[in-house]
Amino acid sequence: MHGPLNRNHLMFIPVMTEEAFDVIVVGSCMTDLVSQSARLPKEGETIHGHNFFIGFGGKGANQCIQAARLGAKTAMVAKVGNDSFGDSYTQNFKDNGVYTGFVGRTSEAATGVASIIVNDAGENAIVIVAGANMKLNKEELQDALPVISSAKVLICQLEISPQMSLRALRMAQENKVTTIFNPAPAIPDLDPDFYRLSDVFCCNESEAELLTGSSVNNVEEARCATRELLRRGCGAVIITLGAQGCVVLEAPESTSKHVPTSPVSAVDTTGAGDSFIGALAYYVAHYPAMRLEEVARRAGQVAAVSVQSMGTQSSYPHKRDLGAELF
Ligand SMILES: Nc1ncnc2c1ncn2[C@@H]1O[C@H](COP(=O)(O)OP(=O)(O)OP(=O)(O)O)[C@@H](O)[C@H]1O
Ligand SMILES: *[C@@H]1O[C@H](CO)[C@@H](O)[C@H](O)[C@H]1NC(C)=O
Ligand SMILES: *[C@@H]1O[C@H](CO)[C@@H](O)[C@H](O)[C@H]1NC(C)=O
């Protein structure tokens, strides 16, 4: 009566009785500890700052929360520490309507944190300690198999162990769940299986550059990079280009489409990429027949709203904040 049997017993009851999830994210949670000071400290120096705040971040969690705010039924598969940051993060998911039955806790590492110092010129110095994110393991993924296999869309990034991301993508593909993979932060020698396991492979310019080895600074170069990434086995490729929107390529024989975004006055673009991906997952789940170009256009509109206010998750719009033409 111990071990797996107990675990299954506890895990399955709350979820099996409900309908399937739209979007599952297997990924990271990070607490941002942000200090603002006139300048960045030098080595060995202590200086006084003028403001401090705690924010919720981590690419996986950000994407999950954006999808949830648009109305997707979401679950997060992740690991936090057995500490107060872990408690707050779990509550943050609940406050946003994200199912937390697969957000595990560990005493072996602290909840992931990003210690950020921002100076008055907007420059920053950041130390990230992934901590508990790296402790998410294959047994926990296996526990989540019933919900992963019945979901509409699964999203993964690279802020947890790459082996766990690969495993989650495989589980999804074997069960015909649409996969969205965001290779962020990019690593130079990405396992080639990541391309074959991605129905939609979505990254920004610098990630595309690192993965292809060619510069990606404009729409033309992004078009070339989408062709190269698609050739590696992805179902479709999207490269986001900040204020220039994105480039989408769906099939090797088709031409890539440049999808511009609305001109807006950007206040803080932090987390725009995650807003885009969370929105992408929502639209793929809710409108499975919609062309990827249109899905990307709408996701770009959502992300463009997020850049118009400060913060990461705090800038992500809810469905009620957006025009009816996006739904
Ligand atoms: N200045 C902007 N004006 C309008 N839309 C923007 C702007 N910046 C970003 N966006 C929207 O957000 C999407 C993603 O932005 P971007 O390509 O900068 O991602 P990213 O580099 O991963 O973001 P970040 O690292 O800042 O979170 C863009 O495709 C676009 O739709
Ligand atoms: C978390 O810590 C509490 C004590 O503070 C302990 O009782 C509990 O077993 C721990 N849980 C895990 C998962 O380590
Ligand atoms: C792309 O995303 C990474 C995070 O994965 C970020 O560090 C980088 O600045 C982004 N690049 C651009 C051009 O926005």
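Atoms within a ligand are numbered from 1 in the order they appear, just like the ligands themselves.
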Revision key, fill the gap. Among non-hydrogen protein atoms, atom 13 (C) of ligand 2 lies closest to Arg105 O, 3.8 Å
Check your understanding: Looking just at side-chain N and O atoms, do Asp199 and Thr178 make a donor-acceptor pair shorter than 3.5 Å?
Key -> no
Point to revise | Sub-4.0 Å atoms of ligand 3 with respect to non-hydrogen atoms of Lys59 | key: 4 (C), 5 (O)
Exercise for review: Decide if the gap between the ring center of Phe85 and the ring center of Tyr89 is smaller than 6.0 angstrom.
Suggested key: no
Check your understanding: Just wondering, do Thr46 and Pro41 contact through their side chains at under 4.5 Å, heavy atoms?
Key -> no
Check your understanding: Looking at atom 13 (C) of ligand 1, what's its closest protein heavy atom, distance included?
Key -> Ala303 CB, 3.8 Å
Check your understanding: Relative to each other, are the rings of Phe181 and Phe194 parallel, tilted or perpendicular (30° and 60° limits)?
Key -> parallel
Check your understanding: Would you say Ser262 and ligand 1 have an N/O pair spaced under 3.5 Å apart?
Key -> no
Practice item. Please indicate whether any nitrogen or oxygen in Glu207 is less than 3.5 Å from any nitrogen or oxygen in ligand 3. Key: yes
Check your understanding: For atom 4 (C) of ligand 2, what is the nearest protein heavy atom, given as residue, atom name and distance?
Key -> Asn82 ND2, 4.7 Å
Review point. Does Asn218 use its side chain to pair, donor to acceptor, with the backbone of Glu220 at less than 3.5 Å?
Key: yes
**Study point:** ligand 1-proximal atoms of Asn204, by part, heavy-atom distance under 4.0 Å
**Key:** side chain
Check your understanding: Going by atom types only, do Thr111 and Asp83 share a side-chain donor-acceptor pair under 3.5 Å?
Key -> yes
Exercise for review: Among all protein heavy atoms, pick the one closest to atom 26 (O) of ligand 1 and tell me residue, atom and distance.
Suggested key: Thr269 O, 3.0 Å
**Study point:** Other residues, nucleotides, ligands: >12 heavy atoms within 6.0 Å of His48 NE2
**Key:** no
Review point. What is the nearest protein non-hydrogen atom to atom 5 (N) of ligand 1, stated with its residue, atom name and distance?
Key: Thr261 CG2, 3.4 Å
Exercise for review: Evaluate the ring planes of Tyr195 and Phe201, with Trp represented by its six-membered ring, and classify them as parallel (under 30°), tilted (30 to 60°) or perpendicular (over 60°).
Suggested key: parallel
Review point. Side chains of Gln313 and Asn92: donor-acceptor distance under 3.5 Å anywhere?
Key: yes
Practice item. Please indicate whether any nitrogen or oxygen in Val307 is less than 3.5 Å from any nitrogen or oxygen in ligand 1. Key: no
Practice item. May I ask you to list the atoms of ligand 1 that are less than 4.0 angstrom from any heavy atom of Ala266? Key: 1 (N)
Exercise for review: Considering heavy atoms of the protein only, find what lies nearest to atom 14 (O) of ligand 3 and give residue, atom and distance to 0.1 Å.
Suggested key: Asn204 ND2, 3.8 Å
Check your understanding: When you measure from atom 27 (O) of ligand 1 to every protein heavy atom, which one gives the shortest distance, and what is it?
Key -> Gly271 N, 3.0 Å
Exercise for review: Using a 4.0 Å heavy-atom threshold (strictly under), name the region of Asp274 that reaches ligand 1: side chain, backbone, both or neither.
Suggested key: neither
Check your understanding: Counting both backbone and side chain atoms, is some N or O of Thr106 under 3.5 Å from an N or O of ligand 2?
Key -> no
Review point. Is there a donor-acceptor pair closer than 3.5 Å between any side-chain N or O of Ser315 and the backbone N or O of Ser306?
Key: yes
Revision key, fill the gap. closest protein heavy atom to atom 29 (O) of ligand 1 is Gly245 O, 2.9 Å
Point to revise | Identity and separation of the nearest protein heavy atom to atom 23 (O) of ligand 1 | key: Gly273 N, 3.3 Å
Practice item. Check whether any side-chain heavy atom of Asn137 sits under 4.5 Å from a side-chain heavy atom of Lys135, and report yes or no. Key: no
Check your understanding: With distance as the sole test, does Glu228 use its side chain to make a donor-acceptor pair with the main-chain N or O of Cys224 at under 3.5 Å?
Key -> no
Check your understanding: Nearest heavy atom to atom 28 (C) of ligand 1: which of Cys202, Ser206, Gly242 does it belong to?
Key -> Gly242
**Study point:** Contacting atoms of ligand 1, where contact means under 4.0 angstrom from a heavy atom of Gly300
**Key:** 31 (O)
Exercise for review: Report, in ascending order of atom number, the atoms of ligand 1 lying under 4.0 Å from any heavy atom of Ala243.
Suggested key: 1 (N), 2 (C), 3 (N), 7 (C), 8 (N)
Study note, to complete from the structure: Closest to atom 4 (C) of ligand 1 (heavy atoms only, candidates Val264, Val305, Ile238) is Val264
Review point. Any N or O on Ala272 sitting closer than 3.5 Å to an N or O of ligand 1?
Key: yes
Practice item. Could you tell me whether Lys257 and Glu250 make a salt bridge, using a distance below 4.0 angstrom between a side-chain N and a carboxylate O? Key: no
Review point. What residue and atom, counting heavy atoms only, is the protein's closest point to atom 9 (O) of ligand 3, and at what distance?
Key: Ser206 OG, 4.4 Å
